[in-house]
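Reading through the structure tokens given below for one structure.
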Amino acid sequence: MLRARPAVSHGPCSGSPTPMTDRSAVVTRFAPSPTGSLHIGGARTALFNQLYARHTGGTFLLRIEDTDRERSTQANVQIILDGLAWLGIAPDGEPVFQHARADRHREAVAAMLASGGAYRDFTPPEELEAERERARAEGRVVRSAWRDRDPSEAPQGAPYTVRLKAPLSGETVVDDLIKGRVVFQTKELDDLVLLRSDGAPTYNLAVVVDDHDMGVTHVIRGDDHLNNAARQTLIYQALGWTVPAFAHLPLIHGPDGAKLSKRHGAQAVGEFADLGYLPEALRNYLARLGWGHGDDEIFSDAEAVAWFDVTDVVKAPARLDWAKLNHINQHYIRVADNRRLADLALEVHRSRGVHIAGDRLPDLPRAVALVKEGAQTTLQLADLTLFALKSRPLALDAKTQGLLTAETRALLGRLRHRLATSPWEVPALEAAIRGFAQAEGIGIGKFGAALRGVLSGGAPAPDLASSLVALGKDEALGRIDDALSQVQ
RNA sequence: GGUCCCUUCGUCUAUCGGUUAGGACACCAGAUUUUCAUUCUGGGAAGAGGGGUUCGACUCCCCUAGGGACUGCCA
């Protein structure tokens with residue numbers, strides 16, 4: 001018999017106490033495969049696992065499923081770790097690397113072999129392929145002839161895989177927390193390969209052994225594993241282990257309802273960061289995708305933890321809706337700290353190769369405060385703050401040049417003096433501008449566009465008073481002076 | 001082909017046998033306005049189809065259609 005619960009092998013810097021302490025406590029895990037980056041669907045799976053663990057006062061673990069040595073890369077592991085960190089999803093304890101536990105997996109297989117729950121399959125690949133075709137034609141599941149043959153009949157030293165000896169009758173039930181009771185006819189479940197011919201454990205075996213050893217009580221994962229859950233149940237039974245609770249999340253589709261792919265704009269969480277989304281916004285949006293709490297749309301992490309329950313997750317797949325993500329992101333930009341946003345905007349400018357003079361930087365947070373209402377992403381925030389970051393003298397765009405007639409120049413000259421005596425605050429400057437228009441007996445339209453152009457150089461800018469404040473008195477008046485002294 | 005899952009406004013969702021089927025995003029119209037945006041007001045918009053069960057079905061059951069997953073010595 002196997003050890004009930006061997007120590008979990010941790011990552012490089014092991015030594016932290018094993019997270020599982022209370023047998024009755026909930027333990028969830030996120031188990032991504034480093035054969036690609038962290039997908040947005042995976043990110044949501046991680047989020048739900050974390051929310052459920054936090055909600056129940058349980059533990060949330062991370063396991064890297066790197067049993068596919070060919071396709072797993074260290075770079076992808078790092079991308080996944082970075083992605084989770086960026087999103088603000090922090091697992092408890094060190095991540096478990098599945099590959100490092102291969103011996104333990106083989107040990108479990110040895111036990112199954114010994115108990116008759118598994119068998120050695122010497123079927124050569126070509127023959128297997130033929131059987132696969134036959135089985136498909138007959139509408140049944142693939143079965144190896146070696147299931148009931150004596151291994152001693154195999155040629156000496158012939159390569160073999162080890163397969164699960166699945167029962168041939170009865171029902172296998174997956175009591176899913178989201179999908180409900182799903183019944184499979186056991187004979188429809190095939191004999192999974194447990195160990196490859198090179199002795200390497202397969203995914204289905206490894207998940208079961210690791211989930212068991214890690215004390216996972218609730219397996220919350222993508223819908224695409226629902227069929228696997230039945231077959232994994234058979235492995236649990238063969239090992240004599242308790243089957244965990246399952247919760248299969250419906251997948252996230254692209255806006256057109258098709259499986260999410262590159263043509264939908266973004267899949268990896270890193271791309272969402274590059275597109276100017278805030279992690280808290282993405283978290284909120286992701287939580288609303290497939291789950292909800294009444295009419296609540298915008299909620300804090302604490303509220304999400306308090307309200308979340310896997311059983312409330314919707315059964316149908318959801319589509320990624322950029323418009324709604326934008327809206328939520330806009331909300332979080334509005335409430336975000338200006339210095340933080342300024343740094344984010346600056347990062348965008350730098351990545352765009354926009355040179356910004358150091359003396360303009362201190363004004364950025366103030367500019368951010370005045371324009372952030374209109375930004376849905378930090379990319380847009382960068383667009384909206386560009387006017388404030390330009391260096392004098394500004395290159396005026398053609399439209400502004402055209403507006404600077406002798407008459408307009410005269411108006412701006414007089415306005416400049418009025419502004420210079422005003423307190424440098426939005427209400428006061430607004431009053432000054434209105435007062436000026438009134439005194440001149442003209443509408444703001446007569447000079448407003450020109451003033452904006454002079455202040456911004458043609459880049460998008462907020463309303464006049466806000467633009468003036470965003471720039472600061474010296475810079476604003478200086479820009480006006482520059483324009484007025486410019487040779488016609 | 002086989003097994004399994006899914007189906008309420010364009011999208012995300014509420015409803016958990018009795019509601020004028022609610023909200024959000026998007027969209028349309030109007031108001032505000034010195035650009036863009038913001039803001040405010042109003043509006044259109046849904047239970048895939050067909051059978052049952054029931055006094056009464058979006059809600060429970062069955063069938064059909066459509067979508068999806070799995071069917072690998074990938075995960």
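Every chain is numbered from 1, with letters handed out A, B, ... down the list of sequences.
- As judged by a 4.0 angstrom heavy-atom cut-off over every strand, A/Val314 is placed among residues touching the sugar-phosphate backbone only.
- Judged by distance alone, with hydrogens and angles left aside, A/Glu138 brings no side-chain donor or acceptor close enough to the base of B/rG1 to form a pair under 3.5 Å.
- Distance check on atom P: B/rC12 versus B/rU20 gives 27 Å, rounded to whole Å.
- Checking side-chain atoms of A/Asp66 against main-chain N and O of A/Gln98 turns up a donor-acceptor pair under 3.5 Å.
- For the side chain to side chain contact (heavy atoms under 4.5 Å, CB included) with A/Ile80, the qualifying choice from A/Ser33, A/Pro95, A/Ser37, A/Pro32 is A/Pro32, the only one to do so.
- Nucleotides B/rC27 and B/rU11 place their C1' atoms 12 Å apart, quoted to the nearest Å.
- A 3.5 Å limit on both hydrogen-bonding distances identifies no Watson-Crick or G-U partner for B/rU8.
- Checked by distance alone, A/Thr202 brings no side-chain donor or acceptor within 3.5 Å of a matching partner on the base of B/rC73.
- The separation between A/Leu251 atom CG and B/rC6 atom P is 14 Å, rounded to whole Å.
- Between B/rU54 and B/rC60, the two C1' atoms lie 10 Å apart (nearest whole Å).
- The interatomic distance linking A/Asp175 (CG) with B/rC5 (P) rounds to 13 Å, in whole Å.
- Atom NE2 in A/His225 sits about 10 Å away from atom P in B/rU71, given to the nearest Å.
- Between A/Arg163 and B/rC73 there is a side-chain N or O to OP1 or OP2 distance below 4.0 Å.
- Summarising the geometry, the separation between NE2 on A/His248 and P on B/rC70 is reported as 12 Å, rounded to the nearest angstrom.
- Side-chain atoms of A/Arg452 lie closest to B/rU35 of the nucleotides B/rU35, B/rA75, B/rU38.
- Across the protein-nucleic acid pair, A/Ile442 atom CD1 and B/rU34 atom C1' stand 12 Å apart, rounded to whole Å.
- Across all strands shown, B/rA29 forms a Watson-Crick or G-U wobble pair, both distances under 3.5 Å, with B/rU41.
- Comparing A/Leu384 and A/Gln376 against RNA chain B, the residue whose closest nucleotide sits nearer the 5' end is A/Gln376.
- Aromatic ring centroids of A/Tyr277 and A/Tyr285 lie 6.0 Å or more apart.
- Nearest-nucleotide mapping onto RNA chain B: of A/Lys315 and A/Pro159, the residue sitting toward the 5' end is A/Lys315.
- Taking atom CG of A/Leu455 as the reference point, atom P of B/rC36 lies 17 Å away to the nearest angstrom.
- When each of B/rC70, B/rC25, B/rA75 is scored by its nearest atom to the side-chain atoms of A/Ala323, the top-ranked nucleotide is B/rC25.
- Residues A/Glu430 and A/Arg434 are not paired through a salt bridge, judged by the lack of any N-O separation under 4.0 Å between the basic side chain and the carboxylate.
- For A/Glu373, taking side-chain heavy atoms from C-beta onward, the closest of the listed nucleotides B/rC12, B/rC70, B/rU38 is B/rU38.
- Contact annotation for A/Asp224: backbone-only contact, meaning every heavy-atom pair under 4.0 Å involves sugar-phosphate atoms and none involves a base.
- Between A/Arg71 and B/rA75 there is no side-chain N or O to OP1 or OP2 distance below 4.0 Å.
- Whole-Å rounding puts the A/Leu249 CG to B/rC5 C1' distance at 13 Å.
- A/Ala31 comes within 4.0 angstrom of no nucleic acid atom, judged by non-hydrogen atoms across all strands.
- Within the nucleic acid shown, A/Gly374 comes within 4.0 Å of sugar-phosphate atoms alone, with no base atom in reach, counting heavy atoms only.
- Counting distance only, with no hydrogens placed and no angle test, the side-chain atoms of A/Arg136 and the base atoms of B/rG1 include a donor-acceptor pair under 3.5 Å.
- In this structure, the side chain of A/Thr233 engages the main chain of A/Ala229 through a donor-acceptor pair within 3.5 Å.
- Among the heavy atoms of the strands lying under 4.0 Å from A/Pro317 are primed sugar atoms or P, OP1, OP2 only; no base atom is included.
- Put simply, the residue from A/Arg147, A/Arg163, A/Arg120, A/Arg231 that forms a salt bridge (charged side-chain N to carboxylate O under 4.0 Å, His left out) with A/Asp191 is A/Arg147.
- At a threshold of 4.5 Å between non-hydrogen side-chain atoms, the residues A/Asn227 and A/Gln232 do not count as touching.
- If you measure from atom CG of A/Leu177 to atom C1' of B/rC5, you get 16 Å, rounded to the nearest angstrom.
- Here A/Glu188 lies in heavy-atom contact (under 4.0 Å) with sugar-phosphate atoms only.
- In a base pair of the Watson-Crick type (N1 to N3 plus N6-O4 or O6-N4) or a G-U wobble (N1-O2 and O6-N3), with each distance short of 3.5 Å, B/rG1 is matched with B/rU71.
- Using atom C1' as the reference point in both B/rG49 and B/rA65, the two lie 7 Å apart (nearest Å).
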